[in-house]
Every structure is written in structure tokens, then in C-alpha cells.
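Because the structure is a prediction, the values reported are computed rather than measured. Values below: every heavy atom of this structure, side chains too, minus hydrogens, waters and symmetry copies.
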Amino acid sequence: MSRVRNVALEYRWADNQTDRLPVLAAELARRQVSIITASTPAVALAAKQATTAVPIVFLVNEDPVRLGLVASLARPGGNATGINIFQC
């Protein structure tokens, strides 16, 4: 017998005001969401500062090691992992 699970998506927008990102990320961490997804380096960094417990999955176009999101590409460590799009 299969179990039915409910999935709820919670969206937050900073309305191009990056100074709001830490507050929004902290709110999600307080709500104990299952995962935080981040589509920009600023969002990923705000999420990383907000929690060490909630998994963070990011998509960034910069080096995540240089940004401080992960310890290394081979062994990210911590609660953040994701995809890096290297652009030439």
C-alpha cells in the first residue's frame, strides 16, 4: 500500500531588495521547511546564514567554494549543495 504525502510549496520574494533576503531566509528556517532552494548567490548566502539544519539546494553561476557556500566541490560539507553553471 502506498502512502500519500502532501507537499506544500512556500514562495518568498524580496522584490529586488536584497537587504530583505536574510529576513525571508530566517522566516523559512523558523518554519522548519524541508528544503530551501536558491536561484542566485545572494539568496543562497542568505539561506546559509539563516540555518545550518535545513538543506539548501542552490543554482549559481559563480564558484560556490569562492562564495563560501561549500567547503569544496568534491566534499561540500554542511547543509548546502547544488549546481554551478560555469560560464566562459
Side-chain angles (χ1 to χ4, degrees):
M1 182 184 305
S2 63
R3 297 169 74 188
V4 176
R5 296 183 184 246
N6 293 325
V7 175
L9 301 177
E10 296 197 25
Y11 296 93
R12 299 294 184 271
W13 285 271
D15 296 320
N16 292 321
Q17 298 175 27
T18 56
D19 59 313
R20 293 183 60 208
L21 293 174
V23 172
L24 296 172
E27 178 187 346
L28 290 172
R30 275 192 308 277
R31 293 181 55 82
Q32 297 179 328
V33 297
S34 298
I35 188 171
I36 296 175
T37 60
S39 58
T40 68
V43 174
L45 289 168
K48 184 174 167 92
Q49 291 175 350
T51 182
T52 58
V54 177
I56 301 164
V57 177
F58 58 79
L59 172 65
V60 295
N61 60 355
E62 296 181 43
D63 181 356
V65 175
R66 187 184 61 74
L67 289 171
L69 291 172
V70 297
S72 76
L73 295 178
R75 298 192 185 278
N79 61 320
T81 190
I83 299 172
N84 173 240
I85 301 172
F86 287 107
Q87 297 176 338
C88 298

Fill in: Taking every non-hydrogen atom, the tightest pair across G68 and K48
O-CE, 3.1 Å
Discussion item. Would you say CD1 of I35 has more than 12 non-hydrogen atoms from neighbouring residues, nucleotides or ligands within 6.0 angstrom?
Written reply: yes
Discussion item. How long is the straight-line distance from OG1 of T51 back to CD of Q32, given to the nearest 0.5 Å?
Written reply: 9.0 Å
Response to the item:
Closest non-hydrogen atoms of V43 and T37, given as atom of the first, atom of the second and distance, are CG1-O, 4.4 Å
Fill in: Cluster link V23 to L21, ILVMFWY, side chain under 4.5 Å
no
Worksheet item: Measuring from I56:CD1 to Q49:CD, what's the distance to the nearest 0.5 Å?
Response: 10.0 Å
Discussion item. Which heavy atom of A46 sits nearest to which heavy atom of P22, and what is that distance?
Written reply: CB-N, 4.0 Å
Item to complete: First locate atom CG of L69, then atom CG of D63, and finally report the distance between them rounded to the nearest 0.5 Å.
Response: 9.5 Å
Discussion item. If hydrophobic clusters are built from ILVMFWY residues whose side chains come within less than 4.5 Å, do L45 and F58 share one?
Written reply: yes
Practice prompt. Go through the structure and list residues passing salt bridge (Lys or Arg N to Asp or Glu O under 4.0 Å) with D15, not counting sequence neighbours.
Written response: R20
Worksheet item: Between A29 and A50, what is the shortest heavy-atom contact and its length?
Response: CB-O, 3.9 Å
Worksheet item: Which heavy atom of V60 sits nearest a heavy atom of T40, and at what distance?
Response: CG1-C, 4.0 Å
Worksheet item: Are V70 and T81 close enough, and set up right, to give a side chain to side chain contact (heavy atoms under 4.5 Å, CB included), and what steps lead you there?
Response: CA-CA 7 Å; V70 297; T81 190; 5.7 Å; no
Discussion item. Using modelled atom types and a 3.5 Å cut-off, is there a donor and acceptor pairing between side-chain atoms of N79 and backbone atoms of V54?
Written reply: yes
Worksheet item: Judged by atom type as modelled, is there a donor-acceptor pair below 3.5 Å linking the side chain of N61 to the main-chain atoms of N84?
Response: no
Discussion item. Ignoring hydrogens, what is the shortest heavy-atom contact between S72 and V65? Give both atom names and the distance.
Written reply: CA-CG2, 3.7 Å
